[in-house]
Amino acid sequence: MSSFEIFQISDPHLSPARPQFVPNFEIARDLIDGFRPDLVVCTGDLTVEAPDRPAELEFARQALDSLRSPRKVIPGNHDVGDNPDAGHAPERPVCAEWLAAYERVFGDGRWVMREAAWTLIGLNAQLFNSGLPQEAAQLDWLADRLDGAAGPVAIFCHKPLFCEVPDETPALRPFFVPTATRPALVGLLRRADVRLFASGHVHQGRDRTQAGVRHVWAPPVSFVLPDAMQPRYGTKACGLVRYRFTPDALAVEMLYPEQLMSPAEDIVAQAYAA
Ligand SMILES: [Fe+2]
Ligand SMILES: [Fe+2]
């Protein structure tokens, strides 16, 4: 296939017990179904809090399987627990038990495919700086995939690689790949013709090109947070991203459909209430 279309969705935060964001997922799904892309990639936070309510994983799988297009997923911090960083000790640290629960439902948290001369790679961002044996295994696997990539490469990862620059101030850390991981990861990515680093997690949309790499933050399907709760780095609106990959080019379209509104602040708070 000389042209390959992907719709990226992120952070649907699906749950049967906390169904506040299900309507937004259904709106996004119906919009995507109208385009019938070749693939849908969901970049994590499939659930509201799977470590607390593992049944959310199966609920999210069924929702994603209702898409008419094939789909690929990667986990986020709300699916398998979060990864630590200097000065950031997560409330629910990623662990073997929660990773295994995710894998039983969705399979491996990393994947690779070849389409339109591109190598498309999904990474489990939650392993970075985790100290789990899977962390080193994933980096070895990534090195092999990058060394074997003959053409351009696109990476899908729950967390953005950085906010402004790889060695930025620690105050920005919790929203991005842990600073301890960045030197090794950035070094690995330079081994291939990486042109896209697509992420979610921040619940803000952004599309910037730095050092020849397009860093696309998918807006959330589910909800955005007010400025009082989270700094503004990009566009705070619900949406999705449309990509067209051709052998030597990439087209990116950020979509903020008017039907896809963020629920009111109190509804978001209810979904995350103890
Ligand atoms: Fe999220
Ligand atoms: Fe997240």
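Just follow the structure's listing: the first ligand is 1, and inside any ligand the first atom is 1. For this chain, numbers begin at 1 and follow the sequence in order.
Using a 4.5 Å heavy-atom cutoff, the side chains of Pro263 and Phe21 are in contact. Considering only heavy atoms from C-beta on, Lys159 stays 4.5 Å or farther from Ser199 through its side chain. Contact annotation: the side chain of Phe156 never approaches that of Val73 to less than 4.5 Å [non-hydrogen atoms, C-beta and beyond].
Aromatic pair His201/His78: centroids not less than 6.0 angstrom apart. Remark: aromatic rings of Phe25 and His13 are distant, center separation not under 6.0 Å.
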Validation: residues 125-135 side-chain donor-acceptor distances under 3.5 Å, sequence neighbours left out:
from	atom 1	to	atom 2	distance (Å)
Gln126	NE2	Gly81	O	3.3
Gln126	NE2	Asp82	OD1	3.0
Gln126	NE2	Asn83	OD1	3.4
Asn129	ND2	Pro84	O	2.7
Ser130	OG	Leu127	O	2.7
Ser130	OG	Leu132	N	3.1
Glu135	OE1	Ser130	N	3.4
Glu135	OE1	Gly131	N	2.8
Glu135	OE2	Asn129	N	2.7

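Counting only distances under 2.8 Å, and ignoring water, the protein N, O or S atoms around the Fe ion (ligand 2) are Asp45 OD2, Asn77 OD1, His158 NE2, His201 ND1.
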